[in-house]
Amino acid sequence: GGDPNDGGVGGCGKCVLVQNPQSMHPDWTAVVMKKNRCPPWSHGCDAGKPHLDIAAPGYDNLQYSTANICGGRPGTGFDSKQQSATLGSWYKQCADTAKCAHLCDKLPETFRKGCRLFSSWGWKRGDPSSVKYRAVPCPAEFRKHVGAQFGADGAAPAPVPTPPAATPRPTPLPTPLPTHRPTPAPTPNPTAISTPSPTPAPTPEATTPMSSACKAYCTRTNVVLTASKACNKIKDQNECLHSYMYKTKFNKGKVTPCVLKKGRLPCRPQKKKGIDCPGFPGACPALLFERPSHMATVKTGDIVQNDLP
């Protein structure tokens, strides 16, 4: 229906097809339905900036959330706000969401399947910069499913799963007594023919694995390979914090992070925090190249934050 806050355009109940190239499965797509409006005062919801929050169970981030009522009303399915944010800071301990899927077991049973499904997508960042989307008709069964989750007063109580009926066990038959059989005479073992031992293959030389500090840069952007060329040419704070400089003639060939001065722009390279990373970036996991698509490419904010319970 119409929404007076955006010129009457509205969109609640309509669906979009979403694709995230910055994930372990860049070819995956998901149909999502608009259920609320992104408040202009919320993080990443500035005027003129396309923004999307996906309501993934357990992925709310209380630092940015403005409307979390989990545990505060009956029927939300969670015991508290904190429980609904169990995976809200996944990026502090995992390289992608798939590696944090085990945390879904800390959620109520009703939400675990949905949590594991989203986690398996393998998002590498909570605010990917090249998300693709386009409007699509909502599938009928999807509309029916979402409609069952909400009532006139908001979220409807989650249904309690019915335990399976116990299957009666059959009474085992008595074990018959064994019939005595005569012991056969032993058969002499044949004389074994000696076989020469094979020559062992040479042990390959061990290679030094890449350190975790170096691996952290595998999912960031080498600004040297972009149009900016250097940290001090970056004009966006978020882009600055996810960028680094690496080339053989800069800072003695060390991987050097881009940082903000006192938490704000300008963005500068911090040479003192540069580290030696032998084999970088060749030892990083294989890059996923973006396929041509007719979908629109937009910049998004903290896309896995959740303003819904």
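Worth knowing before you read on, the calculation uses all heavy atoms, side chains too, and leaves out hydrogens, waters and symmetry mates.
Note that the CZ atom of R220 and the CD atom of E239 stand 13.5 Å from one another [nearest 0.5 Å]. In this structure, K233 NZ and C258 SG are separated by 12.5 Å, a value rounded to the nearest 0.5 Å. Here the straight-line distance linking atom NE2 of H242 with atom CD of Q22 works out to 9.5 Å at 0.5 Å rounding. Note that NZ of K132 is 12.0 Å distant from OG1 of T29, once rounded to the nearest 0.5 Å. Interatomic distance, OG of S211 versus CD1 of I275, reported as 5.5 Å (0.5 Å rounding).
Listed by chain and residue number, Y244, Y246 satisfy the ring-ring contact (aromatic ring centres under 6.0 Å, His included) test with F280 (two or more places apart in sequence, or in another chain). Not a single side chain to side chain donor-acceptor pair (under 3.5 Å) links S243 to another residue, sequence neighbours left out. K215 meets the side chain to side chain contact (heavy atoms under 4.5 Å, CB included) test with M210; sequence neighbours excluded. Residues satisfying the side chain to side chain donor-acceptor pair (under 3.5 Å) test with D79, not counting sequence neighbours, are none. Among residues two or more places apart in sequence or in another chain, the side chain to side chain contact (heavy atoms under 4.5 Å, CB included) test is passed with A30 by W121. Contacts of R143 classified as side chain to side chain donor-acceptor pair (under 3.5 Å), with partners at least two apart in sequence or in another chain: none. Applying the side chain to side chain donor-acceptor pair (under 3.5 Å) rule to K99 yields the partners D96; only residues at least two apart in sequence or on another chain are considered. Every side chain to side chain contact (heavy atoms under 4.5 Å, CB included) that T226 has, sequence neighbours left out, goes to T221, V223, S228. Checked against salt bridge (charged side-chain N to carboxylate O under 4.0 Å, His left out), R268 has no partners two or more places apart in sequence or in another chain. Partners of L225 under the side chain to side chain contact (heavy atoms under 4.5 Å, CB included) rule, at least two apart in sequence or in another chain, are N222.
Looking at F142 and C15, their side chains come closer than 4.5 Å, going by heavy atoms from C-beta outward. Counting only heavy atoms from C-beta outward, the side chains of C104 and K113 never approach each other to under 4.5 Å. The side-chain heavy atoms of C240 and Q237, taken from C-beta on, include no pair separated by under 4.5 Å. Looking at heavy atoms from C-beta onward, C70 lies out of side-chain contact with D60 at the 4.5 angstrom threshold. Considering only heavy atoms from C-beta on, S84 comes within 4.5 Å of N68 through its side chain. Counting heavy atoms from C-beta on, the side chains of K14 and V16 never come closer than 4.5 Å. With contacts defined as side-chain heavy-atom distances shorter than 4.5 Å, the pair Q19/P26 does not qualify. Taking the side chain as every heavy atom from C-beta outward, E141 and P139 never approach each other to under 4.5 Å.
Taken together through direct or relayed side-chain contacts under 4.5 Å among Ile, Leu, Val, Met, Phe, Trp and Tyr, V259 and V224 form parts of separate hydrophobic clusters. One hydrophobic cluster, built from ILVMFWY side chains closer than 4.5 Å, cannot hold both L117 and V31; they sit in different ones. Cluster annotation: L87 is connected to I54 through the hydrophobic network of ILVMFWY side chains, with a link wherever side-chain heavy atoms come within less than 4.5 Å. Connection of W28 to V18 is established within a shared hydrophobic cluster, with ILVMFWY side chains joined at heavy-atom distances below 4.5 Å, either directly or through further cluster members.
For the 3.5 Å distance criterion, the side chains of Y91 and N61 qualify, holding a donor opposite an acceptor.
The two residues T76 and I69 make their nearest non-hydrogen contact at CG2-O, 3.8 Å. Heavy atoms only, all atoms of each residue included: C138 and M33 are closest at SG-CE, 4.0 Å. When all heavy atoms of L107 and R112 are compared, the closest pair comes out as O-NE, 2.7 Å. Smallest separation of non-hydrogen atoms from P108 and G77: CG-O, 3.3 Å. Between M24 and K124, the shortest heavy-atom contact is SD-CE, 3.8 Å.
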Using the disulfide bond (SG atoms under 2.5 Å apart) rule, take C284 and C218 through it: C-alpha gap first, then chi angles, then the decisive distance, then the call. CA-CA 6 Å; C284 290; C218 290; 2.0 Å; yes
Between Y59 and S119, does a side-chain hydrogen bond (donor to acceptor under 3.5 Å, both in side chains) hold up when you go through it step by step? CA-CA 10 Å; Y59 275 85; S119 298; 2.7 Å; yes
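Cysteine sulfur proximity is not satisfied for C231 and C267, their SG distance being 2.5 angstrom or more. A distance below 2.5 Å between sulfur gamma atoms is met by C100 and C94.
In the hydrophobic clustering (ILVMFWY side chains linked at under 4.5 Å, chained through shared members), L265 is joined by L241, L260.
In terms of modelled atom types and a separation under 3.5 Å, the side chain of S89 and the main chain of K92 share no donor-acceptor contact.
Within the structure, the side chain to side chain donor-acceptor pair (under 3.5 Å) test picks out the following pairs touching residues 247-260 (sequence neighbours left out): N251-T256.
In this structure, the ring of F118 has its center less than 6.0 angstrom from the ring center of W123.
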